[in-house]
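Since the model is a prediction, treat every value here as computed from it, not as a measurement. So you know, we letter chains A, B, ... as the sequences are listed, proteins then strands, and number each from 1.
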2 protein chains.
Amino acid sequence: MTVESITDFLNAHDIKPSYQRIKVYEHLVHSIDHPSVEMIYRELIKTIPTLSKTTIYNSLKTFVEKEIVKVVTIDGNEMHYDSLLEEHGHFRCKKCGKLFNFHIDDKISFTEEVSNFQVEERNIYLKGICDQCISK
Amino acid sequence: MTVESITDFLNAHDIKPSYQRIKVYEHLVHSIDHPSVEMIYRELIKTIPTLSKTTIYNSLKTFVEKEIVKVVTIDGNEMHYDSLLEEHGHFRCKKCGKLFNFHIDDKISFTEEVSNFQVEERNIYLKGICDQCISK
DNA sequence: GTATCTGCAAAACATTTGCAATTCT
DNA sequence: AGAATTGCAAATGTTTTGCAGATAC
């Protein structure tokens, strides 16, 4: 995603594309795993020495409000952010630490207790060993 | 679960059953939703006016280490604790706010990306409207 | 020139740590 | 008495808030 297309994308979602907001969003889009404010800060401060964490918090808050970024419920104390809007699950490898996205099968059904419930969001977070680490 | 059986249970797991630890564990067992430290504190302080949050943190840390309590990854900033050890999913009703446990069907499979991965933990957290709230 | 955005500093929370006082055996 | 536990107070870490200066249109 180019800076121009990000600019357009932010405009299209009623978010003024400031230099900082473009950089924060750009970083999110290019991140494989879903970074925390701290992670975004450590990366962006390299090229924007005046950047403050407050601005990252502000930007992310705006993105979440305008629904172009989702808060990811990964374990731990910090919040994580995800620019991939299509529903997907997360898998964390306990050995190498890598985070993988995967598609959630629409066939998935859950037993009795909640079978009549109206499910609107599915948050699925798996942990285990990835295939790379298994074959080692 | 009676106080006596909790005492036995803690002993069996190599945890000295102090008055405070019994109360914290007892509260967890009797809680429908999986409370945070703050929630446990607000409830127990009613009957134990000298109780401190540190003691609740200490107790829960011990319980998690001895594997009689699990940390639940519910959204938000606080940690939540669950004394139900069998694997289960959580459903939060957006209308009434109630939290439901449900059994996760073993048939559940996830598509390609992670199909060869060795899954050790499944954290499933759904949100939507519960049947009570639908029929209103 | 006015409205918005940035970023510092302080406040507000959640959690952890150090330690002295208390409790249990 | 000796060992573990409790709970206060302070420290740490994350997120939010207030506000003054900078920026954009």
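- We find that CG of A:Leu60 is positioned 15 Å from P of D:dT14, with the value rounded to whole Å.
- Between A:Met39 atom CE and D:dT14 atom P there is a gap of 12 Å when expressed in whole angstrom units.
- If you take CZ of A:Arg42 and P of D:dT14, they are 9 Å apart, rounded to a whole angstrom.
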Protein within reach of the bases, or only the backbone? For nucleotides 8-25 of chain C, mark each nucleotide 5' to 3' as B, S or -, using heavy atoms under 4.0 Å.
BB----SBBB--------
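- For A:Thr55, whose side chain is taken as the heavy atoms from C-beta onward, the closest listed nucleotide among D:dT6, C:dG7, D:dA4 is C:dG7.
- Look at CD1 on A:Ile56: it is 11 Å from C1' on C:dG7, rounded to the nearest Å.
- Aromatic ring centres of A:Tyr125 and A:Phe91 lie farther apart than the 6.0 Å criterion allows.
- Exactly one of A:Arg92, A:Lys94, A:Lys95 qualifies for a salt bridge (Lys or Arg N to Asp or Glu O under 4.0 Å) with B:Glu120. That residue is A:Lys94.
- Between A:Tyr19 atom OH and C:dT6 atom P there is a gap of 12 Å when expressed in whole angstrom units.
- B:Asp14 places its CG atom 12 Å from the P atom of D:dA4, with the value rounded to the nearest Å.
- When only modelled atom types and interatomic distance are considered, B:Thr2 and B:Ser5 share a side-chain donor-acceptor pair under 3.5 Å.
- Going from atom CZ of B:Arg21 over to atom C1' of D:dT5 covers 7 Å, rounded to whole Å.
- Aromatic pair B:Tyr25/B:Phe63: centroids less than 6.0 angstrom apart.
- Exactly one residue among B:Arg21, B:Gln20, B:Glu26 makes a side-chain contact (heavy atoms from CB on, under 4.5 Å) with B:Lys23. That residue is B:Glu26.
- Shown here for A:Asn11 and A:Pro17, the closest heavy-atom pair between the two residues is OD1-CD, 3.4 Å.
- The CD atom of B:Gln20 sits 14 Å away from the C1' atom of D:dC8 (whole-angstrom rounding).
- At the phosphate of D:dA4, neither OP1 nor OP2 sits under 4.0 Å from any side-chain N or O atom of B:Ser18.
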